[in-house]
Amino acid sequence: MLRRYGRMCVGCRGWRRLYPKSGPCRICGRELHLGDTGACRLCTKQAYVLRPRRHALDLEGANRHGQQLYFADTERRLQLLNPKSSRRRSEPAPQPPPPLVPAGHRQLALFAPEGRDLRCGQERGFPDVDAPEVAAALKAAVDDYAQQHGLGYSTAWGLDRGLRVLLSIQDTPGARFLASDVLLLRDLDLPARPLLRLLAQLDMLDDDRIPNIVPWFRERTAGLPEPMAGELATWFELKLSGSTTAPRVSRRDRTGGFSGW
């Protein structure tokens with residue numbers, strides 16, 4: 001631990017950044033920064049260390065007989081020095097995650113939010129998740145995704161944390177997540193891009209992002225007279241979204257650019 005960091009390890013600094021609220025830990029009673037479970041970092045880490053695979057955290061049971069202390073900032077260094085193959089354990093083949101079926105309806109909000117401030121939500125606390133079955137299925141999907149892609153503990157934890165935040169701010173439990181809401185997770189230093197890929201694979205993503213070419217096209221055609229502007233707008237929409245009726249046009253790949261228009 002360096003003096004310039006206030007003699008605080010990297011893990012504790014990250015924990016305080018993610019959980020700025022402090023209070024008495026419900027396990028050890030110390031006045032510290034608390035996570036979503038109301039426990040401090042040491043009690044939470046002890047529960048993660050002793051948790052069986054694919055089981056819920058048992059904070060009380062894991063901390064009943066004491067806690068394992070660690071030398072500061074050594075865990076990550078050991079992971080970098082040791083090859084991944086030496087840390088693998090012989091485990092049974094994981095069970096496939098339960099299927100996720102997005103809700104066929106969407107609850108309309110009486111007062112649509114003009115902008116979500118996730119930092120304010122983190123400081124004051126997010127509401128409880130109103131879809132435990134969906135949360136469990138997403139948690140299993142995150143574990144499976146992290147194992148398939150060889151993700152580290154911090155990245156997998158960030159994916160799980162981001163999904164819990166998205167579930168807490170979702171107007172319709174079980175519906176597809178809006179891509180614009182997922183991108184807000186960057187304000188909390190959570191991995192938004194991997195979450196977009198994961199949700200797209202699970203068919204749980206509603207991509208409401210506006211391509212950069214749309215405002216560019218509107219700006220370039222704003223001064224054109226009618227009916228030229230209307231005809232160009234129709235042509236642009238056909239090129240952008242495609243059409244299954246005459247005139248049939250294939251939808252352009254937005255990730256591959258718009259060359260050849």
Side-chain angles (χ1 to χ4, degrees), residues 5-6 8-45 47-48 57 59 102-103 106-139 141-142 153-200 202 204-210 212 215:
Y5 293 143
M8 186 180 299
C9 71
V10 175
C12 287
R13 287 191 290 115
W15 180 270
R16 289 195 175 196
R17 185 177 66 252
L18 289 173
Y19 302 110
K21 291 182 60 177
S22 61
C25 175
R26 70 180 181 91
I27 303 300
C28 64
R30 296 179 297 167
E31 190 78 14
L32 296 169
H33 289 257
L34 307 179
D36 294 334
T37 59
C40 66
R41 178 174 180 258
L42 181 59
C43 295
T44 304
K45 188 173 180 62
Y48 271 109
L57 288 181
L59 290 166
R106 186 175 292 276
Q107 178 65 45
L108 299 179
L110 183 59
F111 300 102
E114 296 182 357
R116 299 184 186 272
D117 188 355
L118 296 190
R119 293 180 179 176
C120 182
Q122 181 171 262
E123 294 174 358
R124 300 182 181 181
F126 291 101
D128 296 332
V129 177
D130 194 22
E133 295 181 355
V134 178
L138 288 174
K139 172 61 178 173
V142 167
Y153 166 79
S154 60
T155 305
W157 180 89
L159 293 175
D160 182 53
R161 167 69 175 167
L163 285 174
R164 283 187 281 120
V165 171
L166 291 175
L167 285 169
S168 66
I169 65 175
Q170 197 174 32
D171 296 323
T172 307
R176 291 182 175 90
F177 297 95
L178 297 177
S180 55
D181 289 341
V182 179
L183 293 177
L184 292 177
L185 296 174
R186 294 179 296 188
D187 295 339
L188 303 181
D189 296 329
L190 294 175
R193 295 295 178 181
L195 265 178
L196 288 174
R197 291 192 292 268
L198 172 60
L199 293 174
L202 299 174
M204 289 293 292
L205 182 66
D206 185 1
D207 196 344
D208 61 338
R209 292 173 291 179
I210 300 177
N212 294 332

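Numbers here are sequence positions counted from 1. From a predicted model like this one, the values you see are computed outputs, not experimental measurements.
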Determine, stepwise, if the pair Leu163 / Leu199 fulfils side-chain contact (heavy atoms from CB on, under 4.5 Å). CA-CA 10 Å; Leu163 285 174; Leu199 293 174; 3.9 Å; yes

Closest non-hydrogen atom pair between [X] and [Y], with its separation:
X	Y	value
Arg119	Asp187	NE-O, 3.2 Å
Met204	Gly174	CE-O, 3.8 Å
Trp15	Gly35	CZ2-N, 3.5 Å
Leu59	Ala39	CD1-CB, 4.0 Å
Asp189	Arg17	OD2-NE, 3.2 Å
Asp36	Arg164	OD2-NH1, 2.6 Å

Return the [atom1] to [atom2] distance between [X] and [Y], rounded to the nearest 0.5 Å.
X	Y	atom1	atom2	value
Arg193	Leu198	CZ	CG	15.0 Å
Cys43	Tyr48	SG	OH	13.5 Å
Leu183	Leu196	CG	CG	5.5 Å
Leu18	Arg16	CG	CZ	13.0 Å
Leu159	Leu195	CG	CG	5.0 Å
Cys12	Leu32	SG	CG	8.5 Å

Does [X] reach the side chain of [Y], with side-chain heavy atoms less than 4.5 Å apart?
X	Y	value
Tyr19	Thr44	no
Leu202	Leu138	yes
Arg161	Leu190	yes
Ile27	Cys40	no
Leu34	Cys25	yes
Ile169	Leu118	yes
Asp160	Lys139	yes

Apply the test side-chain contact (heavy atoms from CB on, under 4.5 Å) to residues Ser180 and Asp208: give CA-CA distance (whole Å), side-chain angles for both, the deciding distance (0.1 Å), then the verdict. CA-CA 6 Å; Ser180 55; Asp208 61 338; 2.7 Å; yes

Checking Arg209 side chain against Ala179 main chain: does a donor-acceptor pair fall under 3.5 Å? no

